[in-house]
Protein chains: 2
Amino acid sequence: MKWDTLDEEQCSLSRTVAVVGDRWTLLILRECFLRVRRFEGFQSSLQITRHLLSERLKKLVRFGILRRVPYSETPKRYEYILTQKGLDLYPIIMAMVHWGDTHMGDERGRPLLHQHKSCGKLFDPVMVCSECGEALHAKQVHVHAGPGRKEAVA
Amino acid sequence: MKWDTLDEEQCSLSRTVAVVGDRWTLLILRECFLRVRRFEGFQSSLQITRHLLSERLKKLVRFGILRRVPYSETPKRYEYILTQKGLDLYPIIMAMVHWGDTHMGDERGRPLLHQHKSCGKLFDPVMVCSECGEALHAKQVHVHAGPGRKEAVA
DNA sequence: ATTCTATAGTTCTAAAATGGAACTGTCAAA
DNA sequence: TTTGACAGTTCCATTTTAGAACTATAGAAT
């Protein structure tokens with residue numbers, strides 16, 4: 001597999017995996033959603049090597065997930081802010097958190113609770129069908145080839 | 001970071017990342033949801049090296065995502081079937097597919113279309129609040145420490 | 001009886017990615 | 001003038017991955 005062209009494959013999952021399909025990137029995004037924005041912030045909370053952090057941040061900027069915004073002129077300092085494209089990754093992160101809560105929990109209970117500002121309640125994220133609103137399950141879904149492809153590959 | 005103990009961290013995202021946070025594992029899971037079950041099936045559709053495929057399948061079995069089920073006695077042959085724990089990864093995969101459709105598409109349109117058997121329509125997956133049913137957005141969510149942790153870490 | 005094919009791996013070596021630690025450069029504050 | 005915060009870069013050892021060949025079992029073909 002040539003990972004450098006994975007984002008051009010005829011498969012939306014591959015294209016997403018090309019961007020966020022590694023451990024550090026997912027953990028960095030977690031920090032972004034927890035409002036971490038600066039190099040030192042990521043580095044100290046993740047214990048990632050500075051070299052890799054630098055690389056991953058560049059990649060996320062390159063793909064338009066983060067914007068590198070100056071917050072000080074002298075010395076030049078930047079912070080990394082989620083773009084809309086980055087904010088749209090939220091369902092992926094939440095789906096992963098929820099799966100972890102459900103299947104990888106320990107006796108102490110879940111590490112974090114999520115409260116929905118709109119309704120005020122603690123909630124779990126649920127994936128539903130955009131058309132009928134019912135909760136989605138793998139076995140209830142048929143896959144068809146779309147215009148961007150001939151055979152089915154998810 | 002010691003990746004071998006990532007699944008014991010006080011963070012549900014880390015625990016999930018420990019299991020599915022690499023490229024090959026995500027692509028293997030895509031194939032599982034497309035009904036691929038056998039070693040040769042994965043190998044030929046993914047072009048993954050046999051060595052890595054073998055390792056990843058073992059890991060998925062170890063974590064209870066796949067079950068190794070014999071389908072022939074002589075010679076001994078096995079296939080890999082998603083467990084319920086594995087089927088529950090569907091929202092993660094669908095969230096990634098949908099993000100790819102939205103943000104990484106090209107002019108030809110999306111590679112695959114999904115039809116919901118219950119309502120019969122082509123749909124997109126939407127993540128909603130379990131309590132009020134409203135679509136979730138990162139900025140509408142407050143994070144609190146839960147029983148399994150002292151500080152917030154997603 | 002011997003070769004061919006299918007399936008499900010394992011083994012080997014070279015190349016690439018990662019970890020860990022130290023180093024660079026700019027500026028502010030003590 | 002020295003120290004510390006910040007945002008990186010450089011270097012080398014270790015780990016992971018890619019690519020290809022090899023092993024093993026058994027049924028089917030010659």
Side-chain angles (χ1 to χ4, degrees), chain A residues 1-7 9 14 17-29 31-32 35-63 65-82, chain B residues 1-7 9 14 17-29 31-32 35-63 66-81:
Chain A
M1 174 75 60
K2 359 78 239 63
W3 295 119
D4 47 328
T5 56
L6 190 60
D7 58 318
E9 294 234 341
S14 298
V17 166
V19 184
V20 302
D22 76 280
R23 306 202 254 220
W24 282 127
T25 298
L26 287 163
L27 294 174
I28 288 167
L29 287 169
E31 297 301 308
C32 292
R35 319 275 192 266
V36 172
R37 297 159 166 232
R38 300 186 182 172
F39 193 91
E40 296 295 323
F42 292 110
Q43 209 278 319
S44 65
S45 66
L46 292 174
Q47 300 294 104
I48 183 177
T49 64
R50 308 176 76 74
H51 179 58
L52 277 195
L53 176 57
S54 173
E55 273 225 336
R56 292 295 190 276
L57 289 172
K58 271 183 204 149
K59 182 177 156 193
L60 287 168
V61 168
R62 184 153 35 82
F63 277 113
I65 310 286
L66 297 176
R67 238 170 337 126
R68 191 158 172 271
V69 183
Y71 71 91
S72 146
E73 277 308 320
T74 61
K76 275 269 185 196
R77 296 265 188 273
Y78 299 91
E79 50 188 11
Y80 296 88
I81 315 275
L82 284 165
Chain B
M1 174 76 58
K2 356 87 223 76
W3 295 119
D4 47 329
T5 56
L6 190 59
D7 58 319
E9 294 235 340
S14 298
V17 165
V19 184
V20 302
D22 76 281
R23 306 201 254 219
W24 282 126
T25 298
L26 287 163
L27 294 174
I28 288 168
L29 286 169
E31 296 302 307
C32 291
R35 318 275 191 265
V36 172
R37 298 161 165 232
R38 300 186 181 173
F39 193 93
E40 295 297 321
F42 292 111
Q43 207 280 319
S44 66
S45 66
L46 292 174
Q47 300 294 104
I48 183 176
T49 65
R50 308 176 75 76
H51 178 59
L52 276 195
L53 175 57
S54 174
E55 275 226 335
R56 292 294 192 273
L57 289 173
K58 271 181 203 149
K59 181 176 156 192
L60 288 169
V61 168
R62 185 154 34 82
F63 277 113
L66 296 177
R67 236 170 339 126
R68 190 157 172 273
V69 183
Y71 71 90
S72 146
E73 278 308 318
T74 60
K76 275 269 185 196
R77 296 263 188 274
Y78 298 90
E79 50 189 14
Y80 296 88
I81 315 276

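Just so it is clear: chains get the letters A, B, ... in the order the sequence lines come, proteins before strands, and each one is counted from 1. What you see is a predicted model, and the numbers here were worked out from it, not measured in a lab.
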Indicate yes or no: at least one non-hydrogen side-chain atom of [X] is less than 4.5 angstrom from one of [Y].
| X | Y | result |
| --- | --- | --- |
| B:Leu57 | B:Phe42 | yes |
| A:Thr5 | A:Glu9 | no |
| B:Glu55 | B:Trp24 | no |

Reading DNA chain C 5' to 3', which nucleotide is the first, and which the last, to come under 4.0 Å of any heavy atom in chain B? C:dA6 to C:dG20
For [X], report the nucleic acid contact type (base, sugar-phosphate, nothing); a contact means any heavy atom under 4.0 Å.
| X | answer |
| --- | --- |
| B:Phe42 | nothing |
| B:Arg23 | nothing |
| A:Thr49 | base |

Heavy-atom nearest nucleotide on DNA chain D for A:Gly41 versus B:Gln47: which residue maps closer to 5'?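 The 5'-side residue here is A:Gly41.
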For A:Trp3 and for A:Ser54, find the nucleotide of DNA chain D with the closest heavy atom, then tell me which residue's nucleotide is more 5'. A:Ser54
Judged by modelled atom types alone, do A:Tyr80 and A:Arg68 share a side-chain donor-acceptor pair under 3.5 Å? yes
In Å, rounded to the nearest 0.5 Å, how long is the span from [atom1] of [X] to [atom2] of [Y]?
| X | Y | atom1 | atom2 | answer |
| --- | --- | --- | --- | --- |
| A:Leu29 | A:Leu82 | CG | CG | 7.0 Å |
| B:Arg37 | B:Glu31 | CZ | CD | 13.5 Å |
| B:Ile28 | B:Thr25 | CD1 | OG1 | 5.5 Å |

Between A:Glu55 and A:Arg77, which residue's closest nucleotide on DNA chain C lies nearer the 5′ terminus? A:Glu55
Contact nearer the 5' end of DNA chain C, comparing B:Tyr80 with B:Pro75: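 Its nearest nucleotide lies further toward 5', so the answer is B:Pro75.
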Below 4.0 angstrom, N of the basic side chain to O of the carboxylate: do B:Glu40 and B:Arg50 qualify?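 Judged by the 4.0 Å cut-off on N to carboxylate O distance, B:Glu40 and B:Arg50 do form a salt bridge.
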What are the 5'-most and 3'-most nucleotides of DNA chain D lying under 4.0 Å from any heavy atom of chain A? D:dA5 to D:dG19
